[in-house]
Amino acid sequence: MKKTFFSFAIAAIMALGMASCGSKSDNAAAGGEATAEGNQTTEQAAASEITEGPGTIENKTFSVDVPEGWKVMLNEDKKIIIGVSDVREKLCIEKNGLSYDSAVENQKSLDGCEDLGEQTYGDKKFATFMWKGKFYAYYNSDGNKGHIVIDGSNIQPDNEAIQKVLGSLKIK
């Protein structure tokens, strides 16, 4: 009984996380708060204001490179969504406060989840998975106090864009 309830709770938490990344549209364009920090350089402000690649997009938590042909769909304090379109390749990159170990264990416990093992992108190692046709990657960004989760729609783990985006991830 406990295992069934625990599995249901994990699935519900993951569904909420996926819904938060998958429900945004192109009208939530990037912009962030480029001038909120009075001491930002022109280069930093330009990086947070790009609307399509190639270029670098940043928020208060991290930055990533946006591949050529990709658009910035959302830029918030802890979340960036980039992609070709809502119905084609798309990546939601988000800082999450849940411990890295818990997040990875939760992902592994999902029925039908394929553990792709640890993958290296750039100089960082990610726990990677496929679940229900979507790519997921977890990066231990803050000890066990938090992590970066990447939710990839309509994109395979060997996609060149994933290599570039995840390889460019920089934590602030």
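Residue numbers count from 1 along this sequence. Side chains included, hydrogens not; waters and symmetry mates left out as well; all remaining heavy atoms used.
Rounding to the nearest 0.5 Å places CZ of Phe126 at 5.0 Å from CD1 of Ile150. Taken from CG in Asn159 to CG in Leu166, the straight-line distance is 10.5 Å, to the nearest 0.5 Å. Note that the CD1 atom of Ile82 and the CG atom of Asp65 stand 8.5 Å from one another [nearest 0.5 Å]. The NZ atom of Lys95 lies 13.5 Å from the NZ atom of Lys172; values are rounded to the nearest 0.5 Å.
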Take Tyr138 and Gln107, measure what side-chain hydrogen bond (donor to acceptor under 3.5 Å, both in side chains) needs, and give me the verdict at the end. CA-CA 10 Å; Tyr138 295 85; Gln107 184 71 39; 2.6 Å; yes
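At least one donor-acceptor pair closer than 3.5 Å links the side chain of Thr61 to the backbone N or O of Asp77. In this structure a side-chain-to-backbone donor-acceptor pair under 3.5 Å is missing from Lys124 to Tyr139.
Counting heavy atoms from C-beta on, the side chains of Asn59 and Lys79 never come closer than 4.5 Å. Counting heavy atoms from C-beta on, the side chains of Glu52 and Val66 never come closer than 4.5 Å. Looking only at side-chain heavy atoms (C-beta outward), Ile93 and Ile148 come within less than 4.5 Å of each other.
Classified by interplanar angle (parallel below 30°, tilted 30° to 60°, perpendicular above 60°), the ring pair Phe135/Tyr121 is perpendicular.
The two residues Thr128 and Gln119 have their closest heavy-atom pair at OG1-CG, 3.2 Å.
The environment of CG in Asp111 is sparse: at most 12 heavy-atom neighbours from other residues, nucleotides or ligands sit within 6.0 Å.
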